[in-house]
Protein chains: 2
Amino acid sequence: MTSGIENGNGNNGDPDSTGAPVKVRTLADLARLAGVSAGTVSRALAGKSLVNAETRERIQALAREHGFRPNQMASKLRSRRTGVIGVVIPLGHEKRQQISDPFFLTLLGHLADELTEHGYDLMLSRVIPDGTSDWLERMTGSGMVDGVLLIGQSDQFDIIESVAESYRPLVAWGSWRDNQVHCAVGTDNIAGGRIAAEHLIAGGARNLAFMGETQGIEIDERYQGVAAAATEAGASLVHIPISLASAEMGEQIKAATANSDRAIDGVVAASDLIAMNVLHCLRDKGRSVPDEVQVVGFDDLPLASLTMPPLTTIRQEIAEGAKAMVQKLKAKIEGEDTDSLQMPPRLIVRGSTRSN
Amino acid sequence: MTSGIENGNGNNGDPDSTGAPVKVRTLADLARLAGVSAGTVSRALAGKSLVNAETRERIQALAREHGFRPNQMASKLRSRRTGVIGVVIPLGHEKRQQISDPFFLTLLGHLADELTEHGYDLMLSRVIPDGTSDWLERMTGSGMVDGVLLIGQSDQFDIIESVAESYRPLVAWGSWRDNQVHCAVGTDNIAGGRIAAEHLIAGGARNLAFMGETQGIEIDERYQGVAAAATEAGASLVHIPISLASAEMGEQIKAATANSDRAIDGVVAASDLIAMNVLHCLRDKGRSVPDEVQVVGFDDLPLASLTMPPLTTIRQEIAEGAKAMVQKLKAKIEGEDTDSLQMPPRLIVRGSTRSN
DNA sequence: GTGAAAGCGCTAACAT
DNA sequence: ATGTTAGCGCTTTCAC
């Protein structure tokens, strides 16, 4: 707190010797204090080269002393760049608006780091799409952000496509299809599902279950991969849609596993979160993992190694993906073109499956 | 896509009959189209009452048709309110900038919901404080936000205090001390620690360990609560600082539990995340929970019920806390005064402790 | 109920 | 290297 000294004793940088505390609210105020023009202050504070080093220092010191920061709204309006990236989490097919998978929050954390690193601020928006493209265009169309990152495509693939047609700086985490307009970064989910199922089958499973809602395209692809592998191996497969609302998940899993005519001996969960719930339910029912039932998760969250038994899972490269998303978005903002990126999934074998 | 029709055939709302697609970028553009003034368009789009209902409808329809949204930066600059709340996660005492406890991400999720509900956008910032108050003043002082929410106080209590002296619309999750300047919402951590320890002791534990860094004030208070209870009961207590970087956590826990001269039979973890790691390590070492060692977590995250055994923990009311934070912040923005809120902790007994 | 005019606080040409 | 000028696109008195 440098204010409070009433009798300016020489070094308080206040040219009018009244000693009254001067409120510096605008560039113009500071300019007056420094005896220069607003333009110069603007340049000095922005660290521009065309300002005399000495005056720059002086102005910066003055600004610091008075705790002055230029108003960002004015700056952004004038310069037509906001330095802000909109990060949107579409909660398309989830009744409860809460939580969403820890996967998304982990991705968000990495995106936040990466954006900060690149000098961007982050405007977060969790939206429940309403059937129109409004939820997205609210971000893209209002001059608030320089670009948009989507944390998942949810069940909004087509809407994202249509918006991306006219709004370039947009990158989504999710799936990529041939001729897709919008740039996506994600995992090869079909391959991931396939690998998971093959691993289960190699461990002796014959009656598989896939647990998870397939409304989101990513999850659906995982299911397809599982289905393909099951068909090829002549294994049976049931699909059990599980809502993410954790309160109900346990009941749903129990009901589902009870109903099935053949005893399920291999589970592919659509995510680690679901897998953890499955593990918990199986334990409750006294079914041993991996001896009676094998379980594979998807994501490889840090928590996956802490379950009992530790979770075999399909790893997604979240940190790497976040890096790629930001890098691609930057490229798009600068007018370049970018490809989508589908990363290969990787099987992480732990204790919830029989290794060979 | 309503554009694309080249020969305006009557109903395309385009008064100049060239049929050329008109780009509507500003209020003025739309005003011209509608044959009114910019001011009227502004009022119509804002749904103000003093506009003729009919013209309002017409203008809104026109705006929709052309996908026009008023530029937020201009609007915010002019109206001197941004409709944005800054949410800051200070990563004070964590080497790795990543992750932070899932607790914080859960809180973030609830805050996001709550802010959205109240019509605010959310500007997220994860910062690593540098010893100055810069990380905070960057948010408070640049006209970007109407208020600031802090997700945790980290080890920045004093800095928050000093900023709060002159910046009113600020609410933090965290601890409250007598005569504290800034508004805080949180749990009574001392009581929480005490309850946890007493429960352990009631279950027969005599040699306690507290696991967690106490640099953050909240955690330190939990430790104090544990210490008080241990002293009163004549139980021993060791403090084992554990960094949150999950890679190292396991090693640290193992090293710590190995070194201690007496066998620890009761663990209070500073968070559920730590508790989960502790459970995992104990399993690795073949020590049974709760028979040989009892474990209590802190937070009651959704995941706490999924561990094996399910985690006994001290519940923090995250959703309720998020609601309170937003409500108090709103009050402060509107110039009212608000008290801090310390919520009572609640013991949730599950399987990781002996219930009497 | 609507139009005209005056900025919000800053930046970027264009002068000098 | 610095000052001057002209807006960025919107909201909001103030007239009518």
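The chains referred to below are lettered A, B, ... by the order of the sequence lines, with proteins before strands, and numbering in each begins at 1. The structure presented is a predicted model; accordingly, all values stated were derived computationally and were not measured.
- Between B/Arg126 and A/Asp113, at least one side-chain nitrogen of the basic residue sits less than 4.0 Å from a carboxylate oxygen of the acidic one, meeting the salt-bridge criterion.
- The backbone N or O of A/Asp146 sits less than 3.5 Å from a side-chain atom of A/Thr82, completing a donor-acceptor pair.
- Annotation: ring pair (Phe, Tyr, Trp, His ring centres under 6.0 Å) contacts of A/Phe68 (sequence neighbours excluded): none.
- Look at CD1 on B/Ile59: it is 12 Å from C1' on C/dG3, rounded to the nearest Å.
- Side-chain contact between A/Ile85 and A/Met123: absent, with no pair of heavy atoms (C-beta onward) separated by less than 4.5 Å.
- Rounded to an integer number of Å, the gap from A/Arg56 CZ to D/dA1 P is 10 Å.
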Could you list all N or O pairs between the protein and nucleotides 10-12 of chain D that sit under 3.5 Å apart?
| residue | atom | partner | partner atom | Å |
| --- | --- | --- | --- | --- |
| D/dC10 | OP1 | B/Asn71 | N | 2.9 |
| D/dC10 | OP2 | B/Leu27 | N | 2.4 |
| D/dT11 | OP1 | B/Ser75 | OG | 3.4 |
| D/dT11 | OP2 | B/Ser42 | OG | 2.7 |
| D/dT11 | O2 | B/Arg78 | NH1 | 2.6 |
| D/dT12 | OP2 | B/Lys48 | NZ | 3.2 |

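- B/Asp134 and A/Arg69 are joined by a salt bridge, as a carboxylate oxygen and a charged side-chain nitrogen come within less than 4.0 angstrom of each other.
- Residue A/Asp29 contributes atom CG, which lies 13 Å from atom C1' of C/dC10 at whole-angstrom precision.
- Atom CZ in A/Arg32 sits roughly 14 Å away from atom P in D/dG3 (whole-Å rounding).
- If you measure from atom CG of A/Leu50 to atom P of D/dG3, you get 13 Å, rounded to the nearest angstrom.
- A salt bridge between A/Asp121 and A/Lys76 is absent, with no side-chain N of the basic residue lying under 4.0 Å from a carboxylate O of the acidic one.
- The CG atom of A/Leu77 sits 17 Å away from the P atom of C/dG7 (whole-angstrom rounding).
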